[in-house]
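Okay, so here's the structure we're looking at.
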Protein chains: 2
Amino acid sequence: MPEKKYSYEYPHPAVTTDIVVFTIRDQQLKLLLIKRKLPPFKGSWALPGGFVALDEDIDQCAERELEEETGVRGVYLEQLCTYGHPGRDPRERVITIAYYALIPSEKIQIRAATDAEAVDWFAMHELPELAFDHATIVEQAKQRLLTKLDYSTIAFQFLSAEFTLTEVQKIYEIILEEEIDKRNFRKWALALESIEETGEVCRDGRHRPAKLYRKINPREVEILK
Amino acid sequence: MPEKKYSYEYPHPAVTTDIVVFTIRDQQLKLLLIKRKLPPFKGSWALPGGFVALDEDIDQCAERELEEETGVRGVYLEQLCTYGHPGRDPRERVITIAYYALIPSEKIQIRAATDAEAVDWFAMHELPELAFDHATIVEQAKQRLLTKLDYSTIAFQFLSAEFTLTEVQKIYEIILEEEIDKRNFRKWALALESIEETGEVCRDGRHRPAKLYRKINPREVEILK
DNA sequence: GCAAAAGTGTTCCAGATACACCCATGT
DNA sequence: ACATGGGTGTATCTGGAACACTTTTGC
């Protein structure tokens with residue numbers, strides 16, 4: 001039994017952040033999961049996350065956990081919801097602040113952090129059984145992403161620095177799981193005025209080269225009316 | 001110095017819920033605030049809220065706090081965001097899960113809970129200085145309410161059991177702070193198919209009586225496309 | 001009969017949808 | 001020359017915005 005050196009007059013729950021990390025890979029919407037090295041749920045797949053340090057802002061905590069697992073910094077990260085059902089963690093009362101992150105596939109260089117036996121990407125359609133209430137969290141994150149597609153440019157956060165319009169369209173098609181008309185899509189995307197031509201082209205096959213575009217404000221997610 | 005009987009191996013923050021309670025009164029969007037009886041910020045106005053009990057779900061906690069202050073149950077209550085900046089509370093690390101509630105003006109019967117010196121309604125435009133980071137929370141709650149007006153029927157939660165179309169329109173005008181065309185508004189509201197005529201009318205002046213309506217699913221907030 | 005709010009339709013415009021062919025390149 | 005994905009315009013539909021007069025009641 002380890003020594004318990006933090007004492008309070010009233011009971012305090014433990015607080016963690018968990019992060020739903022989305023990316024687009026192999027023409028699929030994928031999710032980063034870690035395999036737990038320690039109990040509870042040892043050996044189960046779970047969302048990356050961890051305890052909030054005492055002097056650390058919760059957003060910072062989520063950023064730190066994300067970086068530990070993926071090595072990426074400065075990607076889109078948004079607070080999703082806080083889950084605090086008593087009993088969601090068998091050890092003690094744990095309240096978790098869930099975040100979700102969108103990362104461009106190029107930036108990916110996953111590594112198992114110290115508390116994980118393995119890290120891997122899973123297609124949304126082929127998720128394993130998840131630890132804790134993480135299946136619920138993932139479901140809500142997916143829902144939020146879908147909703148935000150409709151009224152923001154959030155999907156552009158999946159794009160790397162330079163991209164073709166076809167790549168953008170693919171991202172929408174993958175997430176929405178439906179085909180989109182090419183002409184209408186391009187008209188819409190260009191009317192946003194949040195991307196511009198780089199002047200370069202991408203030659204990657206025996207066909208006409210595609211114009212490359214870049215985001216005008218890479219970090220910004222525009223809210224559409 | 002009180003005895004500190006809850007001990008943990010690692011530091012744990014305190015966790016509270018705070019609630020932004022909106023209503024429409026006197027043709028204004030108003031907010032419920034309490035005057036703090038105890039330090040810190042003794043004598044300041046603040047959001048109602050309190051510590052999460054160990055065996056209590058966080059949603060339940062918010063409901064309980066809301067009921068203690070207003071006596072209402074079963075009103076619209078939604079999680080807003082979690083705030084955990086270290087130093088936001090001078091006593092110790094406190095993370096707060098903010099909620100917002102919409103209550104119909106008829107249901108109001110405020111009472112000062114034990115930890116409050118006073119409770120009162122304030123117009124959004126005439127808020128006093130607020131304790132902690134509550135001004136930020138209120139700002140974000142207002143923002144969320146405005147956004148949700150656009151794509152949901154959330155504003156109907158301000159309505160009592162029976163109402164006239166003019167009353168509904170007033171609510172929208174008050175929140176949006178702009179006038180709305182009567183014919184367009186009624187066309188829109190009736191096309192939703194979430195309200196129906198009661199068959200009764202409201203006679204309240206020397207003019208034509210107004211038809212009364214009721215919500216078809218009173219608790220439901222519809223998401224509009 | 002008059003003051004006051006309730007109730008009611010049509011036209012117009014903008015943005016979304018449906019739809020098919022030519023272009024530039026690599027092999 | 002042909003296979004492959006890149007690139008482009010027009011007609012139609014639909015939902016939102018603008019706009020003014022008649023109705024029913026209380027006094």
Side-chain angles (χ1 to χ4, degrees), chain A residues 24 26-27 146-147 149-153 155 159-160 162-214 222-225, chain B residues 24 26-27 146-153 155 159 162-214 222-225:
Chain A
I24 306 257
D26 311 328
Q27 308 279 71
L146 276 171
T147 312
L149 271 205
D150 273 352
Y151 70 90
S152 80
T153 57
L159 294 165
S160 40
E162 302 199 338
F163 47 85
T164 66
L165 288 181
T166 301
E167 283 169 350
V168 187
Q169 185 172 341
K170 275 273 161 55
I171 287 173
Y172 276 86
E173 290 180 334
I174 290 166
I175 304 173
L176 293 172
E177 300 183 272
E178 66 185 35
E179 298 202 339
I180 301 173
D181 178 80
K182 204 204 303 194
R183 279 168 295 188
N184 291 338
F185 182 81
R186 292 159 105 89
K187 215 184 308 171
W188 172 82
L190 294 172
L192 292 176
E193 296 191 327
S194 38
I195 60 175
E196 62 188 5
E197 294 185 20
T198 65
E200 302 296 304
V201 292
C202 164
R203 299 164 186 278
D204 69 341
R206 46 180 195 163
H207 56 78
R208 180 170 173 177
K211 287 183 191 167
L212 284 169
Y213 291 80
R214 73 168 76 89
E222 216 178 319
I223 303 298
L224 312 173
K225 199 225 77 84
Chain B
I24 307 259
D26 311 328
Q27 309 278 70
L146 276 171
T147 312
K148 281 221 160 180
L149 271 205
D150 273 352
Y151 69 89
S152 80
T153 57
L159 294 164
E162 302 200 337
F163 47 85
T164 67
L165 288 181
T166 301
E167 283 170 350
V168 187
Q169 183 173 342
K170 275 273 160 57
I171 287 173
Y172 276 86
E173 290 180 334
I174 290 166
I175 304 173
L176 293 171
E177 299 183 273
E178 65 185 34
E179 297 201 341
I180 300 173
D181 178 81
K182 204 205 302 193
R183 278 168 296 188
N184 290 338
F185 182 81
R186 292 160 103 90
K187 215 183 310 172
W188 171 83
L190 294 173
L192 292 176
E193 297 191 325
S194 36
I195 59 175
E196 62 188 5
E197 294 186 20
T198 64
E200 302 296 304
V201 293
C202 164
R203 298 164 186 278
D204 70 339
R206 47 180 195 163
H207 56 78
R208 179 169 174 177
K211 287 183 191 165
L212 283 170
Y213 290 80
R214 73 168 77 88
E222 216 179 318
I223 303 298
L224 312 173
K225 188 222 93 74

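In the text below, chain A, chain B and the rest are named by the order of the sequence lines, each starting its count at 1.
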Touch class at under 4.0 angstrom, heavy-atom based, for A:R203 against every strand present: sugar-phosphate
Between atom CZ in A:R186 and atom C1' in C:dC23, what is the gap in whole Å? 12 Å
Check the angle between the aromatic planes of B:Y151 and A:Y151 and answer parallel, tilted or perpendicular using the 30° and 60° thresholds. parallel
How close or far is atom P of C:dA6 from atom CG of B:L212, stated in whole angstroms? 11 Å
Check the distance between C:dG9's C1' and B:L190's CG and give it to me in whole angstrom. 14 Å
Are B:R186 and B:T166 side-chain neighbours, meaning at least one heavy-atom pair lies under 4.5 Å? yes
Atom pair distance, as rounded to whole Å: CZ in B:R183 and P in C:dA5: 18 Å
Looking only at C:dC19, C:dG7, C:dT25, the nucleotide nearest the B:K211 side chain is C:dG7
Students should find that the nucleotides of DNA chain D closing off the region near chain A, any atom under 4.0 angstrom from a heavy atom, are D:dA3 to D:dT10
Answer yes or no: are there more than 12 heavy-atom neighbours, outside B:K148 itself, under 6.0 Å from its atom NZ? yes
Using whole Å, what does the distance between atom P of nucleotide C:dG15 and atom CG of A:L192 come to? 13 Å
If you assign B:D181 and B:W188 each to the DNA chain D nucleotide with the nearest heavy atom, which residue ends up on the more 5' nucleotide? B:W188
So, does B:T166 get its side chain near the phosphate of C:dA5, meaning an N or O under 4.0 Å from OP1 or OP2? no
Hey, are the side chains of B:I180 and B:W188 touching, using non-hydrogen atoms and a 4.5 Å cut-off? no
Where is the tightest heavy-atom contact between A:Y172 and A:S152, given as atom of each residue plus distance? OH-O, 4.1 Å
So B:L165 and B:K211, do their side chains get closer than 4.5 Å, heavy atoms only? no
Most 5' of B:E167 and B:K187 on DNA chain C, judged by nearest nucleotide: B:E167
Measure from CG on A:L224 to P on C:dG15 and round the result to the nearest Å. 13 Å
Taking the minimum atom-to-atom distance to the side chain of B:R208, which one of C:dT17, C:dA24, C:dA5 wins? C:dA5
When rounded to whole Å, the CG to P distance for the pair A:D204 and C:dT27 reads 11 Å
Just the rounded figure in Å: distance from P of C:dA20 to CG of A:N184. 13 Å
Return the 5'-most residue of the pair A:K182, A:G205 with respect to DNA chain C, ranking by each residue's nearest nucleotide. A:K182
Closest non-hydrogen atom pair, B:I195 against B:F163: CG2-CZ, 3.8 Å
